[in-house]
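Notes for the one structure printed next.
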Amino acid sequence: MPKAKPAQLARCVEFRHHRYEDMVRALFSVQNECPYITRIYSIGRSVEGRHLYVLEFSDNPGIHEALEPEFKYVGNMHGNEVLGRELLIQFSQFLCEEYRAGNHRITQLIHDTRIHILPSMNPDGYEVAARQGPEFNGYVTGRGNAKDVDLNRNFPDLNALLYYYEKSNGKNHHFPLPDNWEEQVEPETMAVIKWMQNYNFILSANLHGGAVVANYPFDKSRDLRIRGKTTYSATPDDKLFKKLAKSYSYAHSWMHKSWNCGDYFEEGITNGASWYSLSKGMQDFNYLYSNCFEITLELSCDKFPPASALQREWLGNREALVTYLEQVHHGIKGMVYDENSNPIDNAVISVSGINHDVTSGVDGDYFRLLLPGTYTVTVSAPGYQPSTSTVTVGPAEAVQLHFYLKLVPKETNFNKNHHGKRGSLSAKPPPVYPGPR
């Protein structure tokens with residue numbers, strides 16, 4: 001019997017549901033087919049010991065290249081919402097095959113982006129749901145992890161800190177975790193948080209099911225006293241998040257048509273809290289803890305669609321998955337150096353008029369997603385004089401804007417030490433972390 005061609009190996013597993021072992025085999029098959037542009041790594045294990053495998057695509061797998069943004073897709077956070085898992089397996093096969101076929105658009109994406117794909121954040125919950133199968137699956141069977149904990153209600157509540165600081169014009173980014181956070185979260189949640197600590201993600205989407213809409217932050221309402229009433233909870237990047245959500249909904253075959261699953265969402269997008277308020281969710285945590293902008297993609301009316309529906313769903317989502325990934329290349333990016341061209345990490349990049357800062361990564365590179373327009377950007381770091389530039393952002397590739405920071409003169413340091421807090425770049429110490437309500 002003649003040996004199957006590599007491209008056929010991937011295609012033969014299309015359009016069916018993948019149990020854990022099947023999913024692992026499919027990921028390693030892609031890695032075997034495209035070894036020079038992929039890497040598989042585990043970010044941890046589930047409660048029942050299953051690896052949380054990530055498939056990385058890059059022209060230099062395993063390496064962060066300066067000025068090359070990091071992107072992630074996360075699927076199957078709720079174990080019984082399975083379409084995202086299947087789409088991400090399919091998407092991995094698609095990226096590999098199109099790269100090998102010389103598709104210019106996909107080749108450029110892989111060369112210019114470091115792409116991380118986690119098809120299943122909740123492999124234990126999936127197995128519970130899969131044992132019942134598509135026909136008999138209940139609305140919540142397998143939703144939680146092996147301890148029946150909803151992972152999208154399990155992240156530290158940093159919104160409470162933000163809403164406190166907003167009243168005093170205080171800190172607006174990279175909020176600290178509570179001291180005992182590791183004791184409060186599940187193994188799967190901890191794995192994702194540590195993943196975020198190890199990679200400077202810039203853009204992300206989290207794939208769910210049960211509706212068809214692109215949901216953007218904040219998920220948690222600022223005013224929880226109004227029971228039964230939904231209130232829009234905007235981030236400082238509200239216009240940008242709407243654009244990100246629309247980039248998916250309009251590239252999707254039917255999400256943008258507004259009426260889906262008996263629900264109406266104008267243009268196929270919604271603010272999370274405007275739909276319903278949710279605490280301790282993953283998308284808000286991304287925005288408040290890291291440099292990453294994340295939206296939640298609800299992709300199917302049926303949480304566990306039959307295998308016969310998977311091909312239609314893939315064709316409906318394929319272009320949107322690529323288009324959304326391309327959004328990571330908009331705005332501004334650059335390096336932060338000292339006077340001797342040494343990179344400065346953890347420098348703060350502030351955009352005038354947008355009360356949400358980002359920071360430079362370990363290599364001194366920064367990425368700031370922005371809509372087209374003219375912006376005043378200030379970069380600051382402890383011990384250095386701030387530097388400000390004006391930049392005009394267009395609709396195409398990110399504009400490169402580098403900063404060279406000068407050390408604060410020694411006399412200024414002396415004066416600062418002898419005149420209290422005047423001129424200090426440091427913020428007030430944070431208050432005691434508020435406990436659960």
Side-chain angles (χ1 to χ4, degrees), residues 2-43 51-65 68-76 82-121 123 195 199 201 203-205 207 248 251-252 297 299 307 310-329:
K3 195 174 177 183
K5 291 180 181 176
Q8 291 173 325
L9 290 175
R11 275 196 285 271
C12 72
V13 296
E14 285 184 343
F15 311 129
R16 65 181 181 85
H17 290 291
H18 292 73
R19 299 290 284 261
Y20 178 72
E21 290 78 9
D22 299 327
M23 177 183 73
V24 172
R25 272 193 293 271
L27 295 178
F28 276 91
S29 172
V30 173
Q31 206 275 324
N32 186 54
E33 203 176 311
C34 289
Y36 301 112
I37 57 162
T38 58
R39 175 177 73 111
I40 290 180
Y41 63 98
S42 171
I43 60 170
H51 276 291
L52 304 179
Y53 281 120
V54 174
L55 180 60
E56 172 192 336
F57 282 86
S58 168
D59 57 344
N60 285 289
I63 298 166
H64 173 75
E65 299 171 76
E68 185 170 290
E70 309 260 354
F71 176 96
K72 63 181 163 70
Y73 271 133
V74 178
N76 200 207
V82 306
L83 181 60
R85 173 188 179 113
E86 299 306 328
L87 288 176
L88 292 181
I89 293 170
Q90 189 71 37
F91 188 58
S92 302
Q93 294 168 348
F94 171 79
L95 290 177
C96 173
E97 289 174 5
E98 293 301 306
Y99 184 88
R100 292 185 52 181
N103 180 319
H104 176 72
R105 184 184 183 195
I106 299 304
T107 300
Q108 187 172 2
L109 257 184
I110 291 171
H111 284 180
D112 296 347
T113 327
R114 196 174 177 203
I115 304 160
H116 305 258
I117 297 172
L118 173 62
S120 182
M121 182 180 164
W195 188 31
Y199 295 84
F201 293 116
L203 183 63
S204 173
L207 281 56
Y248 199 95
H252 188 282
L297 298 170
L299 296 178
L310 295 179
Q311 182 171 8
R312 175 179 181 267
E313 293 290 355
W314 163 244
L315 294 174
N317 283 276
R318 181 178 62 192
E319 173 60 29
L321 288 166
V322 178
T323 297
Y324 184 75
L325 207 167
E326 289 172 330
Q327 304 310 303
V328 78
H329 292 289

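Values below: every heavy atom of this structure, side chains too, minus hydrogens, waters and symmetry copies.
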Return the minimal non-hydrogen interatomic distance between [X] and [Y], and the atom names on each side.
X: T113; Y: P69; answer: CG2-O, 3.6 Å
X: L299; Y: L207; answer: CD1-CG, 3.7 Å
X: V30; Y: S92; answer: CG1-O, 3.7 Å
X: E98; Y: I106; answer: CB-CG1, 3.8 Å
X: A251; Y: A320; answer: CB-CA, 3.5 Å

Any chance you could measure [X], atom [atom1], to [Y], atom [atom2], to the nearest 0.5 Å?
X: L88; Y: Q90; atom1: CG; atom2: CD; value: 10.5 Å
X: L95; Y: L55; atom1: CG; atom2: CG; value: 8.5 Å
X: S120; Y: L52; atom1: OG; atom2: CG; value: 7.5 Å
X: L27; Y: N32; atom1: CG; atom2: CG; value: 12.5 Å
X: Y324; Y: E319; atom1: OH; atom2: CD; value: 15.0 Å
X: R312; Y: N317; atom1: CZ; atom2: CG; value: 10.0 Å

Mind checking whether [X] and [Y] have side chains closer than 4.5 Å, heavy atoms only?
X: N76; Y: P119; value: no
X: E97; Y: E33; value: yes
X: M23; Y: I89; value: yes
X: Y99; Y: H111; value: yes
X: R114; Y: H64; value: yes
X: L321; Y: W314; value: yes
X: L325; Y: F91; value: yes
X: C96; Y: T38; value: no

- Item | Pair listing, salt bridge (charged side-chain N to carboxylate O under 4.0 Å, His left out) test, anchored in residues 85-95, at least two apart | none

- Task: Please test Y73 against L87 for side chain to side chain contact (heavy atoms under 4.5 Å, CB included), starting from the C-alpha separation and ending with a verdict.
- Result: CA-CA 10 Å; Y73 271 133; L87 288 176; over 6 Å; no

- Among all residues two or more places apart in sequence or in another chain, which pass the salt bridge (Lys or Arg N to Asp or Glu O under 4.0 Å) test with D22? R16, R25

- Is it true that a side-chain atom of N60 and a backbone atom of I63 form a donor plus acceptor pair closer than 3.5 Å? no

- Query: Can you check whether T323's main-chain N or O pairs, donor with acceptor, with Q327's side chain at less than 3.5 Å?
  - Reply: yes

- Item | Basic-acidic side-chain contact under 4.0 Å: E326, R105 | yes

- Check the angle between the aromatic planes of Y20 and Y53 and answer parallel, tilted or perpendicular using the 30° and 60° thresholds. parallel

- Message: According to side-chain contact (heavy atoms from CB on, under 4.5 Å), who are the partners of Y41, at least two apart in sequence or on a separate chain?
- Response: R39, I43, V54, E56, H116, W195, Y199

